[in-house]
Engineer: 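Take a look at this one; I'll ask things after.
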Amino acid sequence: MLAKLLVAGLFVSAVVSGVTTRSADCVGTIASLSDVASAQECSTVNIEGFTVPAGEGFTLSLVDGATVNLRGDVLFGNLSWAGPLFTISGNDITFNGNGYRFDGGGPFYWDGLGSNGGITKPRPMLKIKMSGKLSNLYVVNSPAQTFSVSNPGPLVISSVTVDDSQGNYPNSQSNGLAAGHNTDGFDVSTTDLVIENSTVKNQDDCIAINEGSNIVFTNNVCSGGHGISIGSITSDHSVSGVVISNNHIMNEQQAIRIKTDAVASNSTVSNITYIGNTATNLTKFGVLIDQSYPSTLGVPGAGVLISDINFIGAESSISVASGADRVAVNCAVGGCLGTWDWSSLKVSGGKAGPINNFTGIDGFTQ
Ligand SMILES: *[C@@H]1O[C@H](CO)[C@@H](O)[C@H](O)[C@H]1NC(C)=O
Ligand SMILES: *[C@@H]1O[C@H](CO)[C@@H](O)[C@H](O)[C@H]1NC(C)=O
Ligand SMILES: *[C@@H]1O[C@H](CO)[C@@H](O)[C@H](O)[C@H]1NC(C)=O
Ligand SMILES: *[C@@H]1O[C@H](CO)[C@@H](O)[C@H](O)[C@H]1NC(C)=O
Ligand SMILES: *[C@@H]1O[C@H](CO)[C@@H](O)[C@H](O)[C@H]1NC(C)=O
Ligand SMILES: *[C@@H]1O[C@H](CO)[C@@H](O)[C@H](O)[C@H]1NC(C)=O
């Protein structure tokens, strides 16, 4: 009986994988949206440069193990709609951007209000639901949030550039505000993710980790935005097992931030490790840990427990702008727990910030 079942099982899987292999053993080419349906059945997919029609999304649903090669720039037509502009899903995918661009047409949408107001902006620009490896992609001018990452298995994102730096300046639609707004680099709710050797120039979080575990953010450069963030954390979410190492952060509001919603409940942030990060010209805070989001240093709530936040290993060296707070920690009573080792944190410039309702920080004095 057992032998029969095993044989039947082997037979079925052999047939299934045989069929999959035969049908996918082809090279698909995409030069317009009408090519997608057939090309995405192939194990190799080449994307030629083309313009995606305004108001339409480019959605790739790939066979397991597929390789995607970008061979030209992809532009997205301009129209106010909800997006996303690009969605990719599949297991064990290799996506080679080869240095080509995805251009979201940002200046068409930017009005200084991002996703908080003004016209509807397609967001996120890129929705990543693949495992495997995504590399060498150049993304410019995202209408609002750039990458949303929710990989179904281990994923490495490397050598990706997000360049929304044109949005640092006002335009004719932004009433004197920086035109780009809410242009988060990477919004992450996931497990088993590495983002490395990448660059983000934007006007919001370089990365915002909202949920998940086993996440590594290493050797990246962030400028113009709001720094490297855990949160904001809402109810029923936990973040744990995050390593943030060897990043360089410059000209941002803060370098390192953990923000939890004042009214959230049943959530945790734990085991976050900062190693060897350097930062210069932070205009608001060097390090900000705040349980009062969306306020800054407002009345904190204890519904998101924060524990095991450590600056260890190679020194993390942070230099804040004059007028900025070096370190601010705003915990509710009982909201921040345990002992945190901050012996590798060095912060200079500006002024000491407040540290409220928590005495567990070890190895650091402002
Ligand atoms: C969308 O508008 C922006 C700003 O005017 C422009 O840079 C971009 O090239 C436009 N995109 C397309 C596909 O025409
Ligand atoms: C990332 O950068 C590090 C240090 O420069 C280098 O050793 C590593 O090979 C790079 N990784 C990739 C995938 O390019
Ligand atoms: C608490 O949050 C977890 C997810 O982190 C969820 O599975 C659980 O149902 C929540 N508990 C309550 C009482 O809402
Ligand atoms: C903390 O996170 C690190 C890195 O993700 C992991 O290796 C380690 O096991 C975690 N520690 C605990 C106590 O969960
Ligand atoms: C510091 O950063 C701010 C905000 O990004 C920027 O406006 C300013 O020019 C920077 N200053 C220096 C000295 O780089
Ligand atoms: C914690 O610290 C803040 C700032 O000093 C204070 O307003 C708050 O009342 C304190 N207590 C609690 C329970 O949050």
Side-chain angles (χ1 to χ4, degrees), residues 33 47 49-60 70 72-88 95 97-128 134-149 157 159-188 195 198-208 220-229 249-253 283:
L33 286 192
I47 303 174
F50 75 106
T51 297
V52 177
E56 293 185 49
F58 177 6
T59 300
L60 271 179
L70 194 56
D73 294 339
V74 174
L75 280 68
F76 293 86
N78 293 321
L79 185 80
S80 172
W81 70 296
L85 295 181
F86 178 72
T87 304
I88 184 168
F95 183 104
N98 296 312
Y100 287 107
R101 294 179 172 220
F102 274 20
D103 183 340
F108 172 85
Y109 305 91
W110 291 339
D111 52 13
L113 301 172
S115 50
N116 294 331
I119 62 165
T120 299
K121 300 164 184 77
R123 65 190 178 98
M125 179 170 163
L126 309 133
K127 202 164 174 56
I128 308 301
L134 185 155
S135 60
N136 294 311
L137 179 63
Y138 202 96
V139 179
V140 292
N141 296 344
S142 51
Q145 289 83 356
T146 312
F147 279 93
S148 161
V149 185
I157 295 179
S159 304
V160 164
T161 298
V162 173
D163 186 352
D164 290 328
S165 54
Q166 270 193 63
N168 288 342
Y169 307 97
N171 66 12
S172 61
Q173 309 173 113
S174 72
N175 288 314
L177 300 169
H181 197 71
N182 302 133
T183 48
D184 305 26
F186 297 96
D187 286 320
V188 165
I195 299 177
S198 294
T199 299
V200 175
K201 303 175 191 176
N202 68 341
Q203 296 81 30
D204 207 308
D205 295 319
C206 183
I207 178 171
N220 303 294
V221 177
C222 305
S223 68
H226 298 177
I228 295 177
S229 297
I249 304 137
M250 58 193 155
N251 308 338
E252 304 243 334
Q253 288 185 356
T283 55

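None of the values given here were measured: they were computed from a predicted structure.
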Engineer: Any chance you could measure Arg123, atom CZ, to Thr183, atom OG1, to the nearest 0.5 Å?
Structural biologist: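 One gets 12.5 Å once the value is rounded to the nearest 0.5 Å.
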
Engineer: Output the distance between atom CG (Asp111) and atom CG (Asn171), rounded to the nearest 0.5 Å.
Structural biologist: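 Reported to 0.5 Å precision, the distance equals 8.0 Å.
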
Engineer: Using only atom types and a distance under 3.5 Å, with no angle test, would you say the side chain of Ser159 pairs donor to acceptor with the backbone of Asn136?
Structural biologist: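 Here the side-chain-to-backbone pair does not exist.
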
Engineer: Backbone N or O of Gly225 within a donor-acceptor pair of the Gln203 side chain at under 3.5 Å?
Structural biologist: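 Side chain of Gln203 to backbone of Gly225: no pair is present.
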
Engineer: Please report the closest heavy-atom contact between Gly112 and Ser174, naming both atoms and the distance.
Structural biologist: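 Nearest pair, atom of Gly112 first, then Ser174: N-CB, 3.8 Å.
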
Engineer: Which heavy atom in Gly104 sits nearest to a heavy atom in Pro143, and how many Å separate them?
Structural biologist: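 Looks like O-CG, 3.5 Å.
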
Engineer: I'd like to know if the side chain of Gln253 reaches the main chain of Thr283, judged simply by a donor and an acceptor atom lying under 3.5 Å from each other, with no hydrogens or angles considered.
Structural biologist: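 Such a contact is absent between Gln253 side chain and Thr283 backbone.
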
Engineer: For Asn98, I'd like to know if atom CG has over 12 heavy atoms of other residues, nucleotides or ligands within 6.0 Å.
Structural biologist: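 More than 12 heavy atoms, drawn from other residues, nucleotides or ligands, come within 6.0 Å of this atom.
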
Engineer: Taking all non-hydrogen atoms of both residues, which atom of Cys206 and which atom of Val200 are closest, and how far apart?
Structural biologist: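 Looking at all heavy atoms of both residues, the closest pair is SG-CB, 3.7 Å.
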
Engineer: Is there a side-chain contact between Thr146 and Asn202 (heavy atoms, below 4.5 Å)?
Structural biologist: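 They are not in contact (no side-chain heavy atoms under 4.5 Å apart), so the answer is no.
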
Engineer: Please identify which of these residues, Asp184, Asp204, Asp205, meets the side-chain hydrogen bond (donor to acceptor under 3.5 Å, both in side chains) condition with Ser229.
Structural biologist: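 Testing each of Asp184, Asp204, Asp205 against Ser229, the sole residue satisfying side-chain hydrogen bond (donor to acceptor under 3.5 Å, both in side chains) is Asp205.
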
Engineer: Considering non-hydrogen atoms only, spot the tightest contact between Pro84 and Lys127 and give its length.
Structural biologist: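 In terms of heavy atoms, the two residues are closest at CG-CD, 4.1 Å.
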
Engineer: On a heavy-atom basis, which atom in Asp103 and which in Met125 lie closest, and how many Å separate them?
Structural biologist: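 So the minimum-distance heavy-atom pair works out to C-CE, 3.9 Å.
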
Engineer: Taking the side chain as every heavy atom from C-beta outward, state whether Phe147 and Ile195 have any atom pair closer than 4.5 Å.
Structural biologist: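 Side-chain contact under 4.5 Å: no.
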
Engineer: For the side chain of Lys121 and the backbone of Ser115, is there at least one donor-acceptor N/O pair under 3.5 Å apart?
Structural biologist: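 Flag not set: sc Lys121 to bb Ser115 has no pair under 3.5 Å.
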
Engineer: With rounding to the nearest 0.5 angstrom, report the CG to CG distance, Asn141 to Asp164.
Structural biologist: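 So the gap between those two atoms works out to 6.0 Å.
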
Engineer: To the nearest 0.5 Å, what is the distance between OG1 (Thr199) and CG (Asp163)?
Structural biologist: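 Here the interatomic distance stands at 9.0 Å.
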
Engineer: For residues 97-119, which residue pairs qualify under ring pair (Phe, Tyr, Trp, His ring centres under 6.0 Å), counting only residues two or more places apart or in two chains?
Structural biologist: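 Matches after skipping sequence neighbours: Phe76-Phe102, Phe86-Phe102.
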
Engineer: Checking Asn182 against Gln145: is there a side-chain donor and acceptor pair closer than 3.5 Å?
Structural biologist: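 No, Asn182 and Gln145 have no side-chain donor paired with an acceptor closer than 3.5 Å.
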
Engineer: Tell me every residue that passes side chain to side chain contact (heavy atoms under 4.5 Å, CB included) with Thr120, counting only those two or more places apart in sequence or in another chain.
Structural biologist: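 For Thr120 the side chain to side chain contact (heavy atoms under 4.5 Å, CB included) partners, ignoring immediate neighbours, are Ser80.
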
Engineer: Between Ser148 and Pro124, what is the shortest heavy-atom contact and its length?
Structural biologist: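 So the minimum-distance heavy-atom pair works out to CB-CG, 3.5 Å.
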
Engineer: Taking atom CG of Leu75 and atom CZ of Phe50, what is their separation to the nearest 0.5 Å?
Structural biologist: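 Separation between the atoms: 10.0 Å.
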
Engineer: What's the separation between atom CD in Gln166 and atom NZ in Lys201, rounded to the nearest 0.5 Å?
Structural biologist: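 The CD atom of Gln166 sits 11.5 Å away from the NZ atom of Lys201.
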
